[in-house]
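Everything numeric here is computed off the predicted structure, so don't read it as measured data.
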Amino acid sequence: MSEHHRIRPIAHTSGKRVYVGHTPQPRGEVLWRPHLVGVDTYCFGGGYLSAVDLETGATTQADRHGHIRRVPIERALHALARWGKWLRGS
């Protein structure tokens, strides 16, 4: 792996989160960092095509055959916690 692929950008001076592609995540997982979300989940190499809802962070993934990837339990629990927080108005 080249040096370029190991370096992650530092946070933007605005403090806003940046959503990027073109840096494949070979494990097929969206890269979540406080300042960066990498949505290239290696579809061209056998991974998944991913879509991320920018308001909720919900992720939908499909393989090259159109099969939807099931959400691992940790991600489901994290999403439930975010929904609970939203429902409480926090």
Side-chain angles (χ1 to χ4, degrees):
M1 182 176 286
S2 72
E3 183 68 22
H4 171 72
H5 287 89
R6 287 191 299 252
I7 297 172
R8 302 280 184 231
I10 60 172
H12 190 267
T13 57
S14 71
K16 294 182 179 180
R17 179 178 279 171
V18 177
Y19 292 80
V20 298
H22 301 291
T23 304
Q25 304 303 309
R27 293 176 51 174
E29 294 289 329
V30 173
L31 174 69
W32 290 98
R33 298 290 183 266
H35 67 284
L36 176 75
V37 177
V39 295
D40 185 340
T41 48
Y42 205 52
C43 185
F44 71 91
Y48 302 93
L49 180 62
S50 298
V52 176
D53 183 315
L54 301 182
E55 291 182 15
T56 66
T59 303
T60 302
Q61 294 182 304
D63 66 16
R64 66 183 190 176
H65 303 291
H67 299 121
I68 301 298
R69 184 176 191 188
R70 300 294 176 221
V71 178
I73 191 67
E74 308 86 45
R75 288 178 31 205
L77 292 173
H78 183 70
L80 284 172
R82 283 195 317 254
W83 274 83
K85 191 174 183 179
W86 178 80
L87 288 171
R88 289 188 302 275
S90 302

Undergrad: With sequence neighbours left out, write down each residue that passes side chain to side chain contact (heavy atoms under 4.5 Å, CB included) with R17, or none if nothing qualifies.
TA: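 Residues passing side chain to side chain contact (heavy atoms under 4.5 Å, CB included) with R17: Y19, W32, V37.
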Undergrad: Going by the rule side chain to side chain contact (heavy atoms under 4.5 Å, CB included), which residues pair with A58 if we only count those two or more places apart in sequence or in a different chain?
TA: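 Scan of A58 (side chain to side chain contact (heavy atoms under 4.5 Å, CB included), adjacent residues dropped) gives D53, T56.
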Undergrad: S50 and V39: which non-hydrogen atoms are nearest, and at how many Å?
TA: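 It is CB-O, 3.9 Å.
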Undergrad: Main chain of G28, side chain of Q61: is a donor-acceptor contact present, judged purely on distance under 3.5 Å?
TA: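 Checked: pair present.
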Undergrad: So which residues get pulled into L49's cluster when ILVMFWY side chains under 4.5 Å apart are joined, directly or through others?
TA: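 Under the 4.5 Å side-chain rule, L49 groups with nothing.
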Undergrad: Mind listing the closest non-hydrogen atom pair of T41 and V30 along with its distance?
TA: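 In terms of heavy atoms, the two residues are closest at CG2-N, 3.6 Å.
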Undergrad: Apart from Y42 itself, what residues make up its hydrophobic cluster when side-chain heavy atoms of I, L, V, M, F, W and Y under 4.5 Å apart count as a link, directly or indirectly?
TA: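 Once heavy-atom contacts under 4.5 Å are chained together, Y42 belongs with F44.
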Undergrad: Please examine the side chains of L31 and R33, heavy atoms only from C-beta on, and report whether any two atoms are closer than 4.5 Å.
TA: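 Of all side-chain heavy-atom pairs linking L31 with R33, at least one is under 4.5 Å.
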Undergrad: Can you sort out the partners of S14 under side chain to side chain contact (heavy atoms under 4.5 Å, CB included), two or more places apart, ordered by chain and number?
TA: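 Testing S14 for side chain to side chain contact (heavy atoms under 4.5 Å, CB included), a comparison that skips the adjacent residues, returns H12, K16.
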Undergrad: Measure across A62 and I68 and return the closest heavy-atom pair with its distance rounded to 0.1 Å.
TA: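 Nearest heavy atoms, A62 then I68: CB-CD1, 4.1 Å.
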